[in-house]
Amino acid sequence: MIKKRLQECLEQCFNQGIRQGLWSDAARNSYAVEIPKHEGQGDYATNMAMVISGREKKAGNKKINPRQIAEQLVELLDAHSELFAEIKIAGPGFINFFMNPAVWQAVLPIVCAAGESFGLVSEKNNKRVLVEFVSANPTGPLSIGHGRQAVLGDTISRLLEAAGYEVEREYYYNDAGRQMRVLGESVRARYLELLDLPAQFPEDGYQGEYIYDIAGELIAEQGDKLKDVTDVTPFKEQAERAIFKDINATLERLGIHFDRYYNEHTLYEEGLIDDVVARLRAKGLVYEKDNAVWFKTTEFGQNQDRVIIKSSGEPTYRLPDIAYHREKFKRGYDWMVDIFGADHIATVPDVLAGVKALGYDETRVTVILHQFVTLMRDGKQVKMSTRKANFITVDELLDEVGQDVMRFFFLMRKADSQLEFDLDLATEQSKDNPVFYVQYGHARLASILRKADEQGQGPGKISDVDLGLLTQPEEENILKAIAGYPALVQQAAHDLAPHRIVFYLQELAGLFHSYYNKHRFISEDRKLTMARLQLSRGLRIVLGNGLRLLGMTAPDSM
RNA sequence: GCACCCAUAGCUCAGCUGGAUAGAGCAACGGACUUCUAAUCCGUAGGCCGCAGGUUCGAAUCCUGCUGGGUGUACCA
């Protein structure tokens, strides 16, 4: 929030410089305001002078020395002197800003007034965004990989909501096709097996225990009435119902709710698949070869064309994927975010080529491909095989670590990185476990405020408190961190990068724990106590808001 | 073979549209509990940012090539 004010000041000075003929417009939107890494370089720094200098040269205007530009800028900034304690020109032409301490202290009343809404944009941006994630077909319980995706998708959705978007969460699935047929056959085989009848388990069948459970339910409901039924439909339908129920229960445990479930089937029923083919054909982007229908993806930069309808007449997966995305476009979203596992990378270029071919702006789709999760136990990787159903489900992991730990761990790495989930660390209730580190910070703050209250030293009205007493360097650092929270949320939303929030919270908790060990909140000095209690309120609000933004709880005691 | 992702401290990883002297946690070593919760804190040590070029005032960050790992490359999804 302070950074934003500074940016506005600089923008004004930049414009003023243009009016005074000091430089041209060439550097607009190219310069940066950032927080310097090193002590002595101020609270903020800008490279504006160097960027102006560089752009002038590039634009063929006369080259101006960056340090000279910096001096001119500093002069212009004099009009905003109330913000700054000092402004320095350093190095090749950086301008370092040392803010007036009162600027930092002034954030506390704002935080306390905003409470739970601190960090959320105050106005909606009137943009609709669709986030598609999980999208697992109902063939079995959610695996760890789905878990990462579920948490990632939901948290990205929360971030976008915090940034003012109107967000819809959508789950796309397919209950037709070969996989589901095999699932039905698997259930049928287990059903017969449980009835002690001869059964042939399909070669590539689903071997998980849950298939027995589903078969058992069928027996409980219908006895052996289905023993001579060769059609797999009733088995398949039973399986789908049971598995979806299971998946939803798991998502519920994670606190994840979808606004819509879109069944691929709809695309067929409404003729949307055929329509896509017809439109592509009309544009000359489709041809027949070897009894199959091909889409000219080479026209879109790929190195080979792709089959969209097999010689059997069945579409390949890319055709409904394209049709589905076209439906998203038709619904008029400003932005569509797809979250897929890295194994789905092959469909991405096809889908984007498809929507582009149909006349839509494919840049409105952002695909997040997340890498896989490896589970570590006792320092060794836990081997998993989906086919043999020898994998750990999200449900089992939840039993072991709980929702807060699971969400936090799944968000600790950026999507691009493979994620190592250390079960030993996750189950440890100690300082090494970052989840507890952050939550403990929140609980400690709550405890301080409780204690003060018990002693009749409630924080009182913030307007009566002299925040100018918060002069310790640790206090200033905490205030700075708090002030940076809203911008961080916006940036994380823009970049679809929830891990930034995770890192921020660890850092903020660290600042607090460190401060706690050095200074006392509650002391004999009543005025100082009041000021520090406001600080603890502000800290608690930001820590709590951050945790909730990640879908976690913020405990008041631990 | 081709496409995408990754490569930063012993380990796990940050590093925001290129910025100034490279960051955190863990592990190692040494310290702090009559105190508002020690589930905490303080200190020490640890690096040709995979390799080689290029772009420029300036590169861990952008481009090219190479090496090593992951994923995909089907008329499977």
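Hydrogens, waters and symmetry mates are skipped; everything else that's a heavy atom, side chains included, is used.
- Between the P atoms of B:U61 and B:C5, the separation comes to 15 Å (whole Å).
- A cation-pi arrangement is present between A:R444 and A:Y516, with the terminal nitrogen or guanidinium carbon under 6.0 Å from the aromatic centre and inside a 45° cone about the axis.
- With 3.5 Å as the limit, one finds a donor-acceptor pair spanning the side chains of A:Q439 and A:D404.
- For a distance-only test at 3.5 Å, the side chain of A:N96 qualifies as a donor-acceptor partner of the base of B:A20.
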With 3.5 Å as the limit, what N/O pairs link the protein to nucleotides 60-63 of chain B?
none

Its contact letters, B for base, S for sugar-phosphate only and - for none at protein heavy atoms under 4.0 Å, make nucleotides 2-10 of chain B read S-SSS----
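- The side chain of A:Y437 contributes an N or O atom lying less than 4.0 Å from OP1 or OP2 of B:C41.
- Contacts of A:A45 with the nucleic acid, taken as non-hydrogen atoms under 4.0 Å apart, include base atoms.
- Residues meeting the side-chain hydrogen bond (donor to acceptor under 3.5 Å, both in side chains) test with A:D343, sequence neighbours left out: none.
- Straight-line distance between the P atoms of B:G25 and B:G43: roughly 10 Å, to the nearest whole Å.
- Comparing B:A20, B:A77, B:C75 by their closest approach to the side chain of A:D290 singles out B:C75.
- When rounded to the nearest whole Å, the span between CD of A:E474 and P of B:C41 equals 14 Å.
- Distance, A:F340 CZ to B:U71 C1': 15 Å, rounded to whole Å.
- Using atom P as the reference point in both B:U73 and B:C29, the two lie 48 Å apart (nearest Å).
- If you check B:C41, B:U73, B:A39 against the side chain of A:R306, the one that comes closest is B:U73.
- Between B:C6 and B:C48, the two P atoms lie 22 Å apart (nearest whole Å).
- At a cut-off of 3.5 angstrom, the base of B:C75 holds at least one donor-acceptor pair with the side chain of A:S311.
- Contacts with RNA chain B (heavy atom under 4.0 Å) in residues 480-494 of chain A: A:Q491, listed by number.
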Name the pairs: protein N/O against N/O of nucleotides 55-58 of chain B, kept only if under 3.5 Å.
unit_1 : atom_1 : unit_2 : atom_2 : d
B:C57  : OP1    : A:K57  : NZ     : 3.0

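- Where A:P36 and A:N137 each meet RNA chain B at their nearest nucleotide, the meeting point lying more 5' is that of A:P36.
- A salt bridge does not link A:R178 with A:E314: every distance from a Lys NZ or Arg NE/NH1/NH2 to an Asp or Glu carboxylate oxygen is 4.0 Å or more.
- For the P atoms, the distance from B:G1 to B:G68 is 10 Å, rounded to whole Å.
- Here the side chain of A:H499 is nearest to one of B:G72, B:A14, B:C41, namely B:A14.
- Consecutive Watson-Crick or G-U pairs involving RNA chain B, each under 3.5 Å on both distances, make up stems of three or more pairs at B:1-5 with B:69-73, B:10-13 with B:23-26, B:28-32 with B:40-44, B:50-54 with B:62-66.
- Under 3.5 Å, the side chain of A:D343 and the base of B:G72 form no donor-acceptor pair of N or O atoms.
- Across the P atoms, B:U12 and B:A45 are found 24 Å apart, a figure rounded to whole Å.
- Between A:R444 and B:A38 there is a side-chain N or O to OP1 or OP2 distance below 4.0 Å.
- Separation of the C1' atoms belonging to B:A60 and B:C13 is 14 Å when rounded to the nearest angstrom.
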